[in-house]
J.: 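This is the structure I want to talk about, given as structure tokens.
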Amino acid sequence: MPRINPEYRNVAKKKIIDATLEIAHEAGWNTVTLETVARKVGVTKGALYTYFENSDALMEEVAVELVKHLSYSLNAVRAEKETDIHEMLAHIAETIFSGKEPAATIFMQALARAAQDLQFRERICKGYDDTLIKLRDEFEKRQKAGQIPAEVDIRTAVRAIYGMTLGLAFIYHMLEKDRSEAQKDWLISTERILMLVPKDGK
């Protein structure tokens with residue numbers, strides 16, 4: 001089999017992952033198969049095996065990509081120096097719960113698979129850990145700037161927010177509840193964990 005140029009391979013894999021996300025968003029993750037992805041991309045199913053050995057391998061890459069996306073979103077917020085803590089949290093809630101991407105559903109399915117696959121578990125956990133570190137660093141910076149009360153233990157708060165996020169993701173995505181309610185609940189709960197004064201002052 002001829003070798004594929006690494007740059008071309010990365011571009012092709014991204015195109016496949018993007019197509020997978022589109023299918024999952026439009027029709028649900030259960031409709032994602034190598035056949036449906038091949039049709040979306042405009043190639044044969046056999047061509048996909050050059051990049052992914054099966055649909056589980058594809059799901060793993062999509063899950064890792066979504067973790068990276070959240071990390072990129074946090075970096076974008078950090079680049080906005082004028083963004084206050086409330087706007088930052090609203091942006092994170094939008095990223096997680098808006099439904100623009102089937103992120104939480106894929107995370108849940110990926111975590112279930114990770115329980116039986118040590119190598120994948122290590123990959124996905126590293127992605128989560130990297131994201132949590134970025135979130136912790138951002139909260140610590142904002143705490144020093146006076147946006148978060150000094151008495152808040154940032155490390156504990158980040159772990160609590162992480163656990164609460166997974167819980168809400170399960171309730172609202174896996175059980176097909178209203179995502180806008182999840183977004184609202186996440187914001188209220190996160191502000192309480194961080195002991196923030198609500199933006200409206202109430």
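Numbers here simply count residues along the sequence, with the first being 1.
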J.: For the pair E140 (side chain) and I154 (backbone), establish whether a donor and an acceptor sit closer than 3.5 Å, ignoring hydrogens and angles.
T.: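 Here the side-chain-to-backbone pair does not exist.
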
J.: Using the side chain to side chain contact (heavy atoms under 4.5 Å, CB included) criterion, which residues pair with A47? Sequence neighbours excluded.
T.: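 With neighbours one apart ignored, the set is V43, T44.
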
J.: Evaluate the side chain to side chain contact (heavy atoms under 4.5 Å, CB included) criterion for residues L89 and W186: first the C-alpha distance (whole Å), next the side-chain angles of each, then the deciding distance (0.1 Å), finally the verdict.
T.: CA-CA 9 Å; L89 295 176; W186 188 90; 4.2 Å; yes

J.: So how far is it from Q143 CD to R136 CZ, rounded to the nearest 0.5 Å?
T.: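 That separation rounds to 12.0 Å.
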
J.: In plain terms, say whether K134 and E138 are close enough for a salt bridge, that is, a side-chain N and a carboxylate O under 4.0 Å apart.
T.: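 Salt bridge absent between K134 and E138.
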
J.: Considering non-hydrogen atoms only, spot the tightest contact between A19 and V41 and give its length.
T.: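 That closest heavy-atom pairing would be CB-CG2, 3.6 Å.
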
J.: Under a 4.5 Å side-chain heavy-atom rule over Ile, Leu, Val, Met, Phe, Trp and Tyr, are V62 and V11 clustered together?
T.: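 Hydrophobic grouping puts V62 apart from V11.
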
J.: With sequence neighbours left out, write down each residue that passes salt bridge (Lys or Arg N to Asp or Glu O under 4.0 Å) with K15, or none if nothing qualifies.
T.: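 Expected list: none.
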
J.: Is there side-chain contact between Y49 and L34, with at least one heavy-atom pair below 4.5 Å?
T.: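 Y49 reaches L34 side chain to side chain.
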
J.: Run the numbers on R9 and T50 for side chain to side chain contact (heavy atoms under 4.5 Å, CB included), then give the verdict.
T.: CA-CA 9 Å; R9 184 180 183 83; T50 305; 4.1 Å; yes

J.: Between R142 and M88, is any pair of side-chain heavy atoms under 4.5 Å apart?
T.: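 R142 vs M88: side chains touch.
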
J.: What residue pairs, at least two apart or across chains, pass salt bridge (charged side-chain N to carboxylate O under 4.0 Å, His left out) with a residue in residues 30-39?
T.: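 Pairs touching residues 30-39 that pass the test: E35-K45.
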
J.: Between L168 and A182, what is the shortest heavy-atom contact and its length?
T.: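 So the minimum-distance heavy-atom pair works out to CD1-O, 4.1 Å.
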
J.: Restricting to side chain to side chain contact (heavy atoms under 4.5 Å, CB included), what partner residues turn up for I193, sequence neighbours left out?
T.: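 Side chain to side chain contact (heavy atoms under 4.5 Å, CB included) check on I193 returns A157, A160, I161, M164.
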
J.: Out of curiosity, L58 CG to I16 CD1, how far, rounded to the nearest 0.5 Å?
T.: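 These two atoms lie 7.5 Å from each other.
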
J.: Take E191 and H86 through the test side chain to side chain donor-acceptor pair (under 3.5 Å) and record every step on the way to the result.
T.: CA-CA 8 Å; E191 288 182 349; H86 297 282; 2.9 Å; yes

J.: Under the side chain to side chain contact (heavy atoms under 4.5 Å, CB included) rule, collect the residues that match up with E22, sequence neighbours excluded.
T.: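 For E22 the side chain to side chain contact (heavy atoms under 4.5 Å, CB included) partners, ignoring immediate neighbours, are E26, K40.
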
J.: Only counting residues at least two apart or in another chain, list the ones meeting salt bridge (Lys or Arg N to Asp or Glu O under 4.0 Å) with D18.
T.: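 Testing D18 for salt bridge (Lys or Arg N to Asp or Glu O under 4.0 Å), a comparison that skips the adjacent residues, returns K14.
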
J.: Mind checking whether E87 and I92 have side chains closer than 4.5 Å, heavy atoms only?
T.: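 No, every pair of side-chain atoms sits at 4.5 Å or beyond.
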
J.: With E61, which residues qualify under side chain to side chain contact (heavy atoms under 4.5 Å, CB included), at least two apart?
T.: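 Here the qualifying residues are K13, I17, F52, R123.
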
J.: Quick one: are I85 and F139 in side-chain contact, heavy atoms under 4.5 Å?
T.: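 They are in side-chain contact.
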
J.: Which residues pass the side-chain hydrogen bond (donor to acceptor under 3.5 Å, both in side chains) test with E53, sequence neighbours left out?
T.: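 Checked E53 against side-chain hydrogen bond (donor to acceptor under 3.5 Å, both in side chains); zero matches.
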
J.: Could you list the residues that satisfy side-chain hydrogen bond (donor to acceptor under 3.5 Å, both in side chains) with T190, not counting sequence neighbours?
T.: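 side-chain hydrogen bond (donor to acceptor under 3.5 Å, both in side chains) list for T190, sorted by chain: empty.
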
J.: Indicate yes or no: at least one non-hydrogen side-chain atom of V197 is less than 4.5 angstrom from one of P149.
T.: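 Of all side-chain heavy-atom pairs linking P149 with V197, none is under 4.5 Å.
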
J.: Do you reckon I188 sits in the same ILVMFWY cluster as I148, going by side-chain contacts under 4.5 Å, direct or chained?
T.: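 Result: no, two separate clusters.
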
J.: With salt bridge (charged side-chain N to carboxylate O under 4.0 Å, His left out) as the rule and sequence neighbours excluded, what pairs involving residues 144-157 come up?
T.: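 The answer is none; no pair qualifies.
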
J.: Is a donor on one side and an acceptor on the other found under 3.5 Å between the side chain of T20 and the backbone of V32?
T.: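 Checked: no pair found.
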
